[in-house]
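Below: the structure, in structure tokens.
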There are 2 protein chains.
Amino acid sequence: MGTTQLESVQEPKYWHLKTVLSEALDSDFAVGEILPNERDLAARFGVARATLRQALEQLELEGRLQRRRGVGTTVAPPRVGVAVSTDQREWADGVGSEAWQPLDSTMAKAPAPVAAMLGTDPADPVHVVRRIRNTQGQAVAAELLYVPASSVPDLSAIEAPSGPVRARSVLRKLHRLGLQGQDRSVELGSARADDAKELDRLPGAPVLVVTTRYFTADGTAAVSVATYRADTCRLTFGDSGALEISHDEQSERQAS
Amino acid sequence: MGTTQLESVQEPKYWHLKTVLSEALDSDFAVGEILPNERDLAARFGVARATLRQALEQLELEGRLQRRRGVGTTVAPPRVGVAVSTDQREWADGVGSEAWQPLDSTMAKAPAPVAAMLGTDPADPVHVVRRIRNTQGQAVAAELLYVPASSVPDLSAIEAPSGPVRARSVLRKLHRLGLQGQDRSVELGSARADDAKELDRLPGAPVLVVTTRYFTADGTAAVSVATYRADTCRLTFGDSGALEISHDEQSERQAS
DNA sequence: GAGTGGTCTAGACCACACG
DNA sequence: GTGTGGTCTAGACCACTCT
């Protein structure tokens with residue numbers, strides 16, 4: 001094209017675009033404001049729509065934008081800090097303070113890695129409790145709690161065999177166990193189809209997978225696999241009586 | 001095309017492809033093995049290269065693949081568990097057990113959010129110590145440690161003004177402070193150009209950003225912003241004397 | 001039905017690694 | 001130089017939401 005481009009940088013267009021957009025977002029847009037549509041934006045910047053989309057994808061990954069099919073692209077609010085409890089006392093609290101909402105409980109085979117952590121036979125079915133975590137009216141996480149039958153013996157068959165009622169009764173039994181410790185890991189993943197639906201995202205959306213192993217004196221009592229929306233969440237770990245201090249400041253620190 | 005597709009699923013091609021590839025990886029490929037190139041793969045599956053790439057990108061995000069320009073696509077080893085220390089004692093240890101390698105130390109203005117956490121004026125320069133973390137011969141994280149001058153008073157100007165020597169002297173001074181607690185958060189980000197270089201990734205690569213605030217009785221003594229490679233790392237948090245148990249099992253649990 | 005973002009195509013050229 | 005993944009284009013059609 002034009003020869004006016006002395007800036008023959010070795011920087012990809014989408015990367016440069018992302019920077020420009022990011023700055024525009026800071027200065028010219030308010031949270032919740034809706035951006036021009038992708039075709040217009042692409043035209044305005046003189047790039048193909050695919051290139052523009054590559055920039056938008058990055059910004060969405062960083063929690064700066066929110067895109068919804070059929071609606072548009074909006075400026076995202078700062079990520080919400082979500083406390084990943086280190087607190088022993090309410091590890092499986094069905095009505096816990098942190099708004100975990102039990103959906104149902106079924107018996108199913110645990111995935112191989114989970115079975116390995118539980119120390120159970122991969123072929124043995126375990127209780128699988130499904131929960132959703134809400135924060136500020138938004139679903140931020142979906143969890144599968146794997147509980148070996150041995151952790152919750154004599155769970156009466158009289159009670160509802162599934163549904164929230166059943167889930168709560170499993171959690172209640174679990175809650176009575178003395179928790180000795182836990183073991184946690186965080187990694188990047190992509191949302192399975194069912195998780196995506198609960199989280200109001202498309203399948204494959206980036207999520208932070210928090211795997212927690214709860215153990216008692218007898219060994220591993222349960223394993224939780226919680227998937228948090230990576231676009232909207234910042235996981236916080238309170239280590240030492242650290243109060244939930246308000247860093248309302250955006251945690252934006254990426255982009256070159 | 002053909003009408004043989006009774007499977008007129010509403011599933012995107014790239015998603016289905018990803019599933020197929022994922023299964024193929026499990027059964028037909030060994031770790032480190034090199035895949036056919038993208039053009040061949042795309043042809044083999046009868047899709048455009050862009051579509052094939054969308055599937056590969058997802059698999060790379062999930063830590064199943066590793067792609068390197070000019071080289072090829074290989075099967076990635078399971079993610080390494082990287083301990084994010086909750087240990088007070090060696091929080092700023094220059095020669096710590098966890099292989100943090102100090103690179104240099106400079107004076108610079110901290111980003112606004114960091115300055116807010118430090119409680120310093122955003123215009124005031126602070127010490128910025130740059131460190132790299134190696135695990136199993138691989139760079140897994142790059143860190144910027146922001147230390148207000150007030151935390152390390154009387155740092156002699158006689159010592160090297162920059163470089164690893166300087167970095168170590170800042171860390172040494174810091175290490176002598178009594179640490180009272182820390183406060184940590186984890187979120188998804190994308191690698192800045194300089195981080196990407198240290199981590200042997202392209203700019204924009206997904207990273208887990210671990211922000212740690214170290215505080216003493218006097219307030220916040222330092223803030224660390226560490227970016228971990230999201231593709232190869234699983235962050236582990238030992239909560240309760242929990243030994244670094246070997247879950248050699250892959251932590252693959254995504255994909256529908 | 002109109003407008004949005006999501007998927008897909010079939011090309012092209014570029015930057016990089018390696019022999 | 002050759003082959004790889006990375007970027008980019010200019011289209012097309014689809015799925016969804018809103019009115």
Side-chain angles (χ1 to χ4, degrees), chain A residues 1 5 8-19 21 33-61 64-76 190-191 193 196-197 200-206 231, chain B residues 1 5 8-19 21 33-61 64-76 190-191 193 196-197 200-206 231:
Chain A
M1 307 218 168
Q5 280 291 79
S8 77
V9 287
Q10 219 54 7
E11 196 179 44
K13 273 190 192 178
Y14 79 91
W15 186 261
H16 182 246
L17 238 186
K18 180 194 138 182
T19 309
L21 283 171
E33 197 168 345
I34 182 166
L35 266 62
N37 72 53
E38 297 183 348
R39 289 159 181 90
D40 284 356
L41 275 179
R44 184 173 313 187
F45 287 105
V47 300
R49 191 176 155 221
T51 305
L52 186 267
R53 277 180 61 81
Q54 219 175 332
L56 293 185
E57 259 148 43
Q58 284 251 357
L59 289 170
E60 191 180 26
L61 200 78
R64 309 280 318 263
L65 291 180
Q66 198 160 339
R67 298 192 288 173
R68 270 178 308 168
R69 167 152 52 178
V71 180
T73 302
T74 56
V75 180
S190 46
K197 197 176 172 189
D200 189 29
R201 299 258 57 198
L202 290 171
D231 55 344
Chain B
M1 307 212 165
Q5 281 288 82
S8 76
V9 287
Q10 220 54 5
E11 196 178 45
K13 274 191 191 177
Y14 79 92
W15 186 261
H16 183 244
L17 238 186
K18 180 194 137 182
T19 310
L21 284 169
E33 196 167 344
I34 182 167
L35 266 62
N37 72 53
E38 297 183 348
R39 289 159 181 90
D40 284 355
L41 276 179
R44 184 173 313 186
F45 287 105
V47 299
R49 189 174 157 225
T51 305
L52 185 268
R53 277 179 61 81
Q54 219 175 333
L56 293 185
E57 258 148 44
Q58 284 252 357
L59 290 169
E60 192 180 26
L61 201 77
R64 307 282 315 264
L65 291 180
Q66 198 159 339
R67 298 193 286 172
R68 270 177 307 170
R69 169 154 50 180
V71 179
T73 302
T74 57
V75 180
S190 45
K197 196 175 174 190
D200 189 29
R201 301 258 58 198
L202 290 171
D231 56 343

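What's counted below: heavy atoms across the whole structure, side chains too, no hydrogens, waters or symmetry copies. Just so it is clear: chains get the letters A, B, ... in the order the sequence lines come, proteins before strands, and each one is counted from 1. Keep in mind that this is a model prediction, so the values were computed, not measured.
Under the rule for a side chain to side chain contact (heavy atoms under 4.5 Å, CB included), the partners of A/Pro12 that lie at least two apart in sequence or sit in another chain are A/Tyr14, A/Trp15. Scored by the salt bridge (Lys or Arg N to Asp or Glu O under 4.0 Å) test, A/Glu33 finds no partners at all (sequence neighbours excluded). The salt bridge (Lys or Arg N to Asp or Glu O under 4.0 Å) search around A/Arg49 returns A/Glu38, not counting sequence neighbours. Considering only residues two or more places apart in sequence or on other chains, A/Ala76 meets the side chain to side chain contact (heavy atoms under 4.5 Å, CB included) condition with A/Gln66.
Rounded to whole Å, the distance from CD1 on A/Ile34 to C1' on D/dT17 is 12 Å.
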Name the atoms and distances for all side-chain donor-acceptor pairs under 3.5 Å in residues 39-47 of chain A, with sequence neighbours left out.
none

field: Sequence-aligned protein contact record of nucleotides 4-13 of chain C, with B where the base is within under 4.0 Å of a protein heavy atom and S where only the sugar-phosphate is
entry: BBBBSB--BB

